[in-house]
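One structure is given below, encoded as structure tokens.
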Amino acid sequence: MNLKIAELKSRQGEPLPFRTTLEPADLKNRHQEIRGLTPVETVGEAVMLGGLVYVTGKLSADVDFVCARCLGPFRQHVQIPFQETFATSDADVQEDGDSDFHEVAGDEIDLEPILQEDFLLAIPAFPLCMEDCKGLCPTCGANRNEQTCSCNNQRIDPRLAGLADFFSKTEE
Ligand SMILES: [Zn+2]
Ligand SMILES: [Zn+2]
């Protein structure tokens, strides 16, 4: 998916709509939580103003995850908005090291790698089948979303777990 600078320029500030699809195979390999993925439908528009190209739009796909708490597989429809700015050689901007735009070297903008990054950054590192998933019982392995078991699982505050560990070591 390439945007031609000359075409954007000729539109004199009128947005250029675009539509593309990101291939799922490569994206899936680059994020360990993505177990399955449909092609990523991308709709957006690009507009060139004062040498800067503003690209906005939305990525959407169905992603297969495995819940980090209950290990249950689930599918989620994700919609990821994106907004990127590109500076052409006509732009009157200063490169100060942490600027918020991508520099365009040639006469085209290759959107794909940037959209791939936007997509991957929005994928959770700790996917949950539902926000309050109760997870598996650490003792009997029952899925606590589906059943209540009778195990007495002592709950240790994670902040104190290190301390408990310390005491059990000194007792030895
Ligand atoms: Zn879950
Ligand atoms: Zn249990």
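Ile5 approaches Glu108 most closely through the heavy-atom pair CG1-N, 4.0 Å. Summarising the geometry of Gly141 relative to Leu136, their closest heavy-atom pair is O-CD2, 3.8 Å, with the distance given to 0.1 Å. Closest non-hydrogen pair, Phe101 versus Ala87, comes out as CD1-CB, 3.5 Å. For the residue pair Phe65 and Pro124, the shortest heavy atom distance occurs at CZ-CD, 3.9 Å. Considering all non-hydrogen atoms of both residues, Gln79 and Ser60 come closest at CG-CB, 4.1 Å. The shortest heavy-atom contact between Asp118 and Phe82 is OD2-CB, 3.4 Å.
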Subject >> Derivation of the side-chain contact (heavy atoms from CB on, under 4.5 Å) call for Thr21 and Thr42 >> reply: CA-CA 6 Å; Thr21 305; Thr42 307; over 6 Å; no

**OP:** Walk me through it: do Val53 and Val47 pass the test side-chain contact (heavy atoms from CB on, under 4.5 Å)?
**Re:** CA-CA 6 Å; Val53 179; Val47 64; over 6 Å; no

**OP:** With side-chain contact (heavy atoms from CB on, under 4.5 Å) as the test, would you mind laying out the steps for Thr20 and Leu111 before giving the verdict?
**Re:** CA-CA 10 Å; Thr20 185; Leu111 271 185; 6.0 Å; no

**OP:** Kindly indicate, with the supporting measurements, whether the criterion side-chain contact (heavy atoms from CB on, under 4.5 Å) is fulfilled by Asp90 and Lys9.
**Re:** CA-CA 11 Å; Asp90 294 348; Lys9 202 181 268 184; 2.9 Å; yes

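Transitive grouping of hydrophobic side chains (ILVMFWY, heavy atoms separated by less than 4.5 Å) keeps Ile109 and Tyr54 in distinct clusters. A chain of hydrophobic side-chain contacts below 4.5 Å, direct or via other Ile, Leu, Val, Met, Phe, Trp or Tyr residues, connects Ile123 to Ile114. Hydrophobic clustering (ILVMFWY, side-chain heavy atoms < 4.5 Å, transitive): Leu3 and Leu52 are in distinct clusters. The same ILVMFWY cluster, assembled from side-chain heavy atoms under 4.5 Å apart, contains both Val63 and Leu120. Both Val55 and Ile80 sit in one connected hydrophobic cluster of ILVMFWY residues. Membership requires side-chain heavy atoms under 4.5 Å apart, directly or through other members.
With rounding to the nearest 0.5 Å, the separation of CG in Asn145 from SG in Cys133 is 4.0 Å. In this structure, His102 NE2 and Thr85 OG1 are separated by 7.5 Å, a value rounded to the nearest 0.5 Å. Going from atom CG of Asp110 over to atom CZ of Phe86 covers 9.0 Å, rounded to the nearest 0.5 Å. Cys129 SG to Leu71 CG: the interatomic distance, rounded to the nearest 0.5 Å, is 10.0 Å. If you take OG on Ser89 and CG on Asp107, they are separated by 10.0 Å, rounding to the nearest 0.5 Å. Atoms NE2 and NZ, from His31 and Lys28 in turn, are 13.0 Å apart once rounded to the nearest 0.5 Å.
One finds a salt bridge joining Glu14 and Arg11 here, because a Lys/Arg side-chain nitrogen approaches an Asp/Glu carboxylate oxygen to under 4.0 Å. Using a 4.0 Å cut-off between a side-chain N of Lys or Arg and a carboxylate O of Asp or Glu, Glu45 and Arg19 do not qualify as a salt bridge. For the pair Glu33 and Arg35, the salt-bridge criterion is met [side-chain N within less than 4.0 Å of a carboxylate O].
For the pair Arg69 (side chain) and Lys134 (backbone), a donor-acceptor distance under 3.5 Å is absent. When atom types are taken as modelled, the side chain of Thr38 and the backbone of Asp62 share a donor-acceptor pair closer than 3.5 angstrom. Between the side chain of Thr88 and the backbone N or O of Gly51 there is at least one donor-acceptor pair closer than 3.5 Å.
Other residues, nucleotides and ligands contribute only 12 or fewer heavy atoms inside 6.0 Å of the CD atom of Gln83. Residue Gln12 places its CD atom among 12 or fewer non-hydrogen atoms of other residues, nucleotides or ligands, all under 6.0 Å distant. Open room surrounds CD on Glu23; 12 or fewer heavy atoms of other groups in view lie less than 6.0 Å from it.
Leu22 is listed as a side-chain neighbour of Leu27, based on a closest heavy-atom distance under 4.5 Å. Here the side chains of Lys58 and Glu41 are not in contact, with every heavy-atom distance at 4.5 Å or above.
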